[in-house]
Structures are given as structure tokens and as C-alpha cells.
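First listed ligand is number 1; within each ligand, the first listed atom is number 1. Remember, it's a predicted structure, so these values are computed and weren't measured experimentally.
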Amino acid sequence: MSNEKMSFWNSIVIKSAMLFTTVIVVALFLLGYLINRQASGVISDYSQDQMLHASSLVKKSFYSMLNEVANDIALISKSPAIDDYVNNPSAENHSTLEKSFPIILSEKPNYFQIRLLDVDDDGKEIIKYEKVNEYVEKVSFDRLQHKGEKKYYKEAMAMDDESFYYSEISLNEEFGKISRPHIPTLRAIGKVFNQEDQLKTLLVINVDVSAFFEEVNQIGKQEIASLIIDDRGEYKYANDTIKRFGRQLGTGEAMTNDYDIVLKDFLLETNRNGVFLNRQKVPHLYHLDEMSYSDGLHRLYLITTASKEAVLANVAKVNRDSLLMVIIVCLFLLALIYLYTNFFSRKLSKITLAISDYEKGKVPSDHLTKIKKRKDEIGLLARSFSTMRKEIDFRVVELKESLKREKKAVAEKNEFLQNMSHELRTPLNAILGLTKLLHKNKPSSAQIPIIDSLQRSAGNLNGLMHDILDQQKLMEGRITLHRVATNVDEQLQTIVSSYRFDTIQKGLELSLTVSSELKEKYYLIDPLRFNQIVTNLLVNAIKYTASGQIDIQAGVLERERSHLTIDVRDTGRGIDPQNLLNIKERFFRVMNENTLRIDGFGLGLSIVKKLVDLFGGDLNVTSELGKGSIFNFSIPAEVAPPDSSPASEAVLSYPKLQATYHVLHIEDDISSQLMVKNTLEAVGIAVVQTNSMRQALQLLDNNHFELLLTDLMLDSELITKYVRQELSQYNIPIVITSAFDSSKHKDLNADYFQKPVDLNQLVDKIISVLGGNEYDVPQLKSTYEQYDHKKEKIVNYLKILDKEFDQYLLRFNRLSTSKDQKEWSAIKHKIATHINAMQLTRLKEALPERIEDLQPDTLDLLLNQVKFMLCYFRNELRINLAD
Ligand code: ADP
């Protein structure tokens, strides 16, 4: 987790809150939309219903007005006053009538005229009362008129006897003029018969329909308005009085002017709902109904209408209200979600803080104490984390302990390896040295194979010791390559010949095929490590092949001429494909199916692999179980320049030492003591031996020694301490032999030989120290500096010197008999450079101009000086070759 800061938008809590908010908001808006749609529908339906209702109220009111008048007419017609008059139109009956008529007018506010028309006299008004400004007045005789020509008169006359007639509604006219004030008038007429059933008069009542209009006005309140028109579109009623009676008044007002309709089509079907536009193109909802009366003679159209906008205003209001509602609910929800997420993130951040504290290794804080008590998921999470923390702590402690144990085990293993190699190397050293001595002591022919076998076994053991050491060094990267011009063919021949005995013993054929290129040219490789690779592969081939043959093939790669390629083929047991990948691993071994034993130590191939890697090469294995294996490795190797000479085995010869030098040898292993004593005494050095350090110090105190050779028999730390504090005070050269790894003592002012000790090298070392008292010590410092202390160059240089001086030794020896002055001058000339470079003053003085002047003593000195130098070079070579 580290110090990572989580971005706001990455929080799961925020994300889920956002998601829920979005879902809720969308759902609310959807709901709002649905409600709105529903509401619009409901509202328009409601408006239509309202209109229908208004329409039916108007109708009801209209018809009840007609009924009322009809009832009144029926009643008045049957009144004794009228009955008497129609049966006997006497003056007396006329005056009776005159008394009853005004009562009717004053009782009925909306009746403003009542008349009797004489049917027999062309509709002449017999009696007429009218209401003027609330006063009922009798119309004087001279103002009575004939109405026989009037439309209403004719229509009334044409009616059934029992029916009542109602005229169209129009403004009242008197004497052909519209009377003022304008009175919208409906004329109701009933027929009056005499006893003989003869039609005598028409009873006419003029009804002022203003009251009805007022009622219509009342009904059509709010957004609903009513219109009453006739079949020609004239407004009988409109809210706006100016609009009314347009045709009669000649104003031109008509419904067709105000609405976008075709009257004929519009009126075609009644009792219906619809939408029309007014002149301003504003849509209006309407309900159309008809009111037919007077036995269908007249027809009025009733239109109840509402502007759609007005209706929709309601819908908009519902919209606004519901939107407001949605917003309020959303805000409320957001607030709720904010509180909720805040609550969660606070709790969670406490947990994450605790985790991060834990990660940083801080002491567990009490952030979680409260949260842990919660019963919800957060509490569970906090508790789980606490438990996990304890578990991890516990595991970490366990892990640390097991790591400690493992470290200890590794240390113990290393210590064991060290001790084991120490324990093994000392006797091994002795065995190897002593077998060599045995060989030198002219053994009998019967003893030779025994000694050889002894030597071979010791050699194998020695190989194993080296494998263990090399493995360790390779692991630590302490092995470096020293490339020198090498004849690969010779190297391979030597290896093959040293294993021929083993193959013959096992009944195997061993062959070596080397390409001509490898025979002719020298290649720059590290022969020691190259040999180690080939030897390991060959040893394995021999080890894992029961019968058949082993072939070693060497050449250069076709595609890459500067690469050597070496095959080691056998017809052995082969390797299971599933093990092929593992065999190069350290300590990997395969069980032998036949013996059910696991052979070897699993070191050989891992060393080979690491060495090939060090060379920068490739190791490949192809193998078939039961048929054999091919181990191939290829390594880059440049061809050595023509003048470079091959590394050669030095002919070991030592200078004679004039004085007898005393070496104190401290060693607790008797075999090693014996071996060293024999070797050093053979070159004329006196050896005093002891196995105790205490005694050694006494000896040092009481005697004079030129050199101290010691196996300290102590562990590595103590050796360092001992050499530094105790031995250094005697101021004599110290040579250490030890089974311990030399790398640990590099800083000691002592030369170091790791056991098993190569005795020749030990003698070289000791002679190059002691001989320094008698011979010129070659000064190599300046040359080393010249080579920048580069080991590879120094090694090459030393090898050349060694070879050259080896040749001088040979030539000086020959000169002692040939006395060839030319050769003498040539050598002198050649050696002169070395004399100067290495400051060989004694040698310089000893060389006479002429060969005749070379005294036997001088020659002897000369030869010993060269031998000393060879010893010295070999010793330098060893030091420089050491890792
Ligand atoms: P070691 O031979 O000491 O066991 P190595 O590392 O040399 O260890 O080899 C590892 C394993 O590889 C061996 O145990 C053996 O099973 C197998 N092996 C190596 N070389 C051969 C070979 N030439 N033929 C068959 N098996 C081999």
C-alpha cells in the first residue's frame, strides 16, 4: 500500500454512492416524467369532462326555461279569463283579461311582454302588456299591430295544436326597429281554442333570455367559456356582448370570424370533443352540443371551450410541482448519501490508516478500538484486519526464527565443509606427497601398480576436494580466467591419456578426434579451466557408461570460426528428458535404476555449466534414455598470434645453496611432516619440526631460522591474529600451509599454500626466499608497473621469461663443452637486456667477454643463478595465477 493516496474518484464508496445517486435520480426523473404524462392526460380528460358538464348544465337550464314558459302558457291559456274571452270576446271579458295579464308579467321577472293575437284578424294584437324598467304597462290600442306576416306567427300557426312554439332568439324589435336597451328575446307561443275547439287566439310571451345568458356566464367560469350560436354562426351568446347578434345588428360578428373552422363541417356532428384554433392560432379544446327546440324547428349550438394553453397551464403547474418535488427529493438523497459515504469513508480510512501504520511498522494505533466493536461489515473488516495482523506478526516471528535457523544451518554447513576439507586435505596432502616420494624411491615393479592406484585414488579425492572448493568459488564469483596460448589438441591428448586406464578397466573404448585446425593453431584459452570442463564431462561419461564407447570430438564452429566446439559422446545410460533441465543444477543427481543408488555429488555439471558461462560459451545436452548422451560445449577462443608460445611444463631444477639454511616447520600431521622434511632435505635445506605452537615459539626464541613454514592448526581468525602478533616479531619470512581457503589471508604478510600442497611449488617458494641470500633476485617491480599489474599480461611475461631462461640453462650447459664464442656472444647480448631490467648485478659481473675466460666456478654460479631465477619465475607465476 505504501504512502499511496487514493484519488477521490477511485474510492469504491464514492463510486457506489455516485452509482446509487444516479440510479435514484434517473428513477425519480422517470417517475416524474410518467406522473407528468399521466397528469397531462388526466388534466385534459378532466377539462373535457368539465366542458361536457358545463354543456349539459347550459342545456338543462335552457330547456328548463322553455319548459317553464310552456307551463306558464298552458296555465294561462286554461285560465278562466282567457277561456271566457275566447268564447265570448266581450268588452267585459276583455277588461277581465286586462286585469290578469299585468299580474303575470310582474310575477315573472324574465317575461317582458305578454300578448294575445287574434287569429281571425291576421294576427292582430288583441291585448298587449309590456314591462318597461320594471313597470308593467298596457300598450295602448293605437300601438297594437298585426303580426300575421311575422315569421314566428306563421311558424306558430303551422305547429301542432298541442305544441308550444318557441321562436329563434333575437333582439326584440318594435315597429321594425331593435328596441333599446337590447333585449335578447325568445317568443313562446301557445294556441288558445274556444269551446268549439276553434283556434281563436295565440298567447305570446316574450321571454328575456338575459337571465339564462347570465346563468350560462356563471356556468362557464374559470378557463371554460360557453358560446351559443345558430346554424349560421351568429353568436346568440358569447361572453363578450359585442359579439352577440352580429347578423341582426349588422356588426359582422360571427363565430367563423373568430375560429379557424368551416361552419358546415364543424356543425355536422354534434355532441363531440375536439380542438380548434382561434384566429391567433391558439389551440382550444371544445365540446360541441346542440339544443333543438320547437319540435326541431330551431336549433342552437352550444360550444363549451377552453384554451389548450390554459388547460396545459395546469399540466405545467403539475410539471413544475413534480420537478420541484424531484429536485427536493434528489437534494435530500444527495445529502443522505453524502452523510452515508462520509460515514463509511471515515470508518474505512481509519482501517486503511491502521493498515498503512502497520505497513510502515509503526506501533499498532488505537484507531480501530471503537470500530472493532461495530456489528456491521466495517466492524467485521476491522476485526479481520486485527486478527490478520496478529497472524502476520506471528508468522513473521516464525519466519525470522526459521530464517535464523536456516542461516545457522548454512553457516554450519559451510563450517562443516571447511572443517571437512581441513581434515581431509591434510592427510590427502600427505598421501599425494608420499606417493610421489615412493615413485622417486625406485619402487619394485610389483609395487608400482599399487602406488599408481594409491595415487589415482588420492587424485580422485583431490579432484572432489577441488570441486567443492571450485563450486564455492564459482558461486562467489571468485574464479577468473587466465587466457594463454594453448594447444587444445595437446590438452585433450593429456586428458584422454590420463583416463585411458579407467576406460580400459571398465572395458570402454575411448577415442579422440581433433580437427586439423586445433592441431595446428594455438588458441587463447585458460587451459586449467578448459581441462576442468572436459575432464568433468569425460569423468561423467565414464561413470555413467557401462559398455560401449566414449568419443571426444573437438573442432571449431562452422558458423563462428573463433569458437571451439567440443563434444563428449557416450553410449551410456542416458538421461530422462524430464531430468535434462535439472542436471546442471548444483547437487542434482539421478538415481541409478539398476543399483537404486544415487551416484556422485551433483557438482560436476554445475561446475561445467558455470565455467562454460565464465568462458561466455554454451553448454548443450542431448540424450536418450538407455542409448547415451552428447554433452557439447562451445566457447569463444581467439587464435593466438603466431609468435606466442605455448604454456609448457617447466623442467624443474633448483640452484645449489652454498649455506645450510634452517627452516622451522610447524605441523601436527606426521605424514605431512615426513613429506616436507624429505622434500626440503633433498634440496639441501635443514628442517626442524614441531607439532606444538608453544614449542615452536621456544625454538624460535633459542635458535636462528631463515624461514618459518607453518600449518597453524588454528581456525582462520586465529591464524591472522597469531601471525600478526606472535610470529611477526621474529622478523623472518613466513610460509603458511593450511587447509583453509587462502582468500581469507590475502592481507597477511606471508605466502600461503592451500593444502594439498604442490611440493614443487613449495620448494620453488622456499628457494626463491633463501636463494635470495646468494643470488641476484630479479627485480620485476618496474615491469609489473609497466603492465599496470594486469595479471594476464604478467603471467604471459613470466612464462616467456621462464621459457627463455630455460633455454639459457640449456645453452649454458652446452657451452660448457662446446666453448662456442659466437654462441656465447649471442647469449650475452640477449641476456644483457634482462640483466639491466632486472638489475642482475652479480650475473653481469660474472660474464667474461670471452668464453675461454669462463671459469668452471663462474659457469657453476651462472647455472645456479639461472636455476634460481627459474625458481623465482615459477614462484611469481604461481602467485600471479592464484585467484
Ligand atoms: P555427479 O556425477 O557427481 O552426480 P554431475 O553434476 O556431474 O554430478 O551430474 C549430475 C547428474 O547428471 C548425474 O547424477 C547423472 O545422473 C547425470 N549425468 C551427468 N552426465 C551424465 C552422462 N554422461 N550420462 C548419463 N547421465 C549423466
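Residue-ligand proximity, K543 to ligand 1, at heavy-atom distances under 4.0 Å covers atoms 1 (P), 2 (O), 3 (O). Taking every heavy atom of R573 and a limit of under 4.0 angstrom, the matching atoms of ligand 1 come to 15 (C), 16 (O). Listed by atom number, the atoms of ligand 1 under 4.0 Å from I575 heavy atoms are 25 (C), 26 (N), 27 (C). Listed by atom number, the atoms of ligand 1 under 4.0 Å from F631 heavy atoms are 20 (N), 21 (C), 22 (C), 23 (N). Of all atoms in ligand 1, numbered sequentially from 1 with element shown, those under 4.0 Å from a heavy atom of G574 are 25 (C).
Close N/O approach between L605 and ligand 1 is found [any backbone or side-chain N/O within under 3.5 Å].
Defined by atom type and a distance below 3.5 Å, a donor-acceptor pair is present between the side-chain atoms of Y784 and E876. For the 3.5 Å distance criterion, the side chains of Q695 and T690 qualify, holding a donor opposite an acceptor.
With a 4.0 Å heavy-atom cut-off, ligand 1 is reached by the side chain of D570 but not by its N, CA, C or O.
With sequence neighbours excluded, the residues satisfying salt bridge (Lys or Arg N to Asp or Glu O under 4.0 Å) with E391 are R395. In terms of the salt bridge (Lys or Arg N to Asp or Glu O under 4.0 Å) criterion, residue partners of K627 (sequence neighbours excluded) are, by chain and number, E624.
In this structure, G572 has no heavy atom closer than 4.0 Å to ligand 1.
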Residues Q532, N536; criterion side-chain hydrogen bond (donor to acceptor under 3.5 Å, both in side chains); working and verdict:
CA-CA 6 Å; Q532 202 173 355; N536 279 4; 5.7 Å; no
Run the numbers on K506 and D502 for salt bridge (charged side-chain N to carboxylate O under 4.0 Å, His left out), then give the verdict.
CA-CA 6 Å; K506 271 191 99 172; D502 301 60; over 6 Å; no
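With distances taken over non-hydrogen atoms, the option nearest atom 7 (O) of ligand 1 out of I542, N540, V621 is N540.
When each of I879, I734, L762 is checked for a side-chain contact (heavy atoms from CB on, under 4.5 Å) with D751, only I879 meets the rule.
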